[in-house]
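Only heavy atoms go into these numbers, but all of them, side chains included; no hydrogens, no water, no symmetry mates. The sequence lines fix the lettering, A, B, ..., with proteins before strands; numbering per chain opens at 1.
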Amino acid sequence: GAVVSQHPSWVICKSGTSVKIECRSLDFQATTMFWYRQFPKQSLMLMATSNEGSKATYEQGVEKDKFLINHASLTLSTLTVTSAHPEDSSFYICSAPTGSFGGELFFGEGSRLTVL
Amino acid sequence: AQSVTQLDSQVPVFEEAPVELRCNYSSSVSVYLFWYVQYPNQGLQLLLKYLSGSTLVKGINGFEAEFNKSQTSFHLRKPSVHISDTAEYFCAVKENTGFQKLVFGTGTRLLVSP
């Protein structure tokens, strides 16, 4: 199946710094990518939809200025957590749809962010 | 809008016993349905999906699920579980048009003990 890769898998940063997480589709082109956030022992909550060449669409309640999303190419989307605080600590997972129906989503391995 | 309900937050079961993880969904349009498995600190792996056709869907690792439109359910089953099946299982739904977002249930933790 299609492969989606995230980097880094783990990141620890100090409060107030910014962290960038990359999401790459390795063997297919993705005009759309989705960014999810998962708190411990909870489900995945969609944060935003990343669109190649245009602005991301954010879900209600997600701060656009804190979670900057850039979809610069058909294989790369980035999520930047700006001025991170401990409450931003979470597991962030990206995904990209593929297939003729756009039905199946392939997920990255996830990125664990810990803000001290 | 779609929604997914997984009533069981945790399901304990003994090794080699059968298991069923329940999933009910709500939608005003036709949908695609998915089951994903997540191991600790990892992303999601697709177990199986229903797009159309036969309502009984077989997936990886011996799992299967049955789409029941009248009951709006998509329960996941396995006739004999292994210790290695211990994980979090998510049911998900999306509209069957274009690249619509996937909506997840709250997850069911399957705990298999010897």
Practice prompt. Measure distances from B:Gln45 to the heavy atoms of chain A and classify the residue's part below 4.5 Å as side chain, backbone, both or neither.
Written response: neither
Practice prompt. Sort B:Leu44 into side chain, backbone, both or neither according to what part of it lies under 4.5 angstrom from a heavy atom of chain A.
Written response: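 Both parts, heavy atoms under 4.5 Å.
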Worksheet item: Is the backbone N or O of B:Ala87 less than 3.5 Å from a side-chain atom of B:Gln38, with the two atoms forming a donor-acceptor pair by type?
Response: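 Such a contact is absent between B:Gln38 side chain and B:Ala87 backbone.
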Worksheet item: With the threshold set at 4.0 Å, does a side-chain nitrogen-carboxylate oxygen contact exist between B:Glu20 and B:Lys78?
Response: no
Worksheet item: Does a salt bridge link A:Glu22 with A:Lys20, judged by any charged N lying under 4.0 Å from a carboxylate O?
Response: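 No.
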Worksheet item: What's the verdict on side-chain contact (heavy atoms from CB on, under 4.5 Å) for A:Phe67 and A:Val62, showing C-alpha distance, side-chain angles and the deciding distance?
Response: CA-CA 8 Å; A:Phe67 300 102; A:Val62 177; 4.0 Å; yes
Worksheet item: Considering only heavy atoms, which portion of A:Leu44 lies under 4.5 Å from any heavy atom of chain B: side chain, backbone, both, or neither?
Response: both
Item to complete: Please state whether the side chain, the backbone, both or neither of A:Gln38 comes within less than 4.5 Å of a heavy atom of chain B.
Response: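 A:Gln38 touches chain B through side-chain heavy atoms alone.
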Practice prompt. Could you tell me whether A:Lys66 atom NZ has more than 12 heavy atoms of other residues or ligands within 6.0 Å of it?
Written response: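 Counting other residues, nucleotides and ligands, NZ of A:Lys66 exceeds 12 neighbours.
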Worksheet item: Can the ring centroids of A:Tyr36 and B:Phe104 be said to lie less than 6.0 angstrom from one another?
Response: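 Between B:Phe104 and A:Tyr36, which both carry aromatic rings, the centre distance is below 6.0 Å.
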Worksheet item: Does B:Phe74 have its ring centroid less than 6.0 Å away from the ring centroid of B:Phe34?
Response: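 So the answer is no for these two rings.
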Worksheet item: Under the ring-ring contact (aromatic ring centres under 6.0 Å, His included) criterion, do B:Phe67 and B:Tyr50 qualify, and how do the steps go?
Response: CA-CA 7 Å; B:Phe67 170 57; B:Tyr50 172 78; 4.4 Å; yes
Worksheet, complete the sentence: By residue number, those in residues 105-114 of chain B with heavy atoms under 4.5 Å from heavy atoms of chain A are B:Gly105, B:Thr106
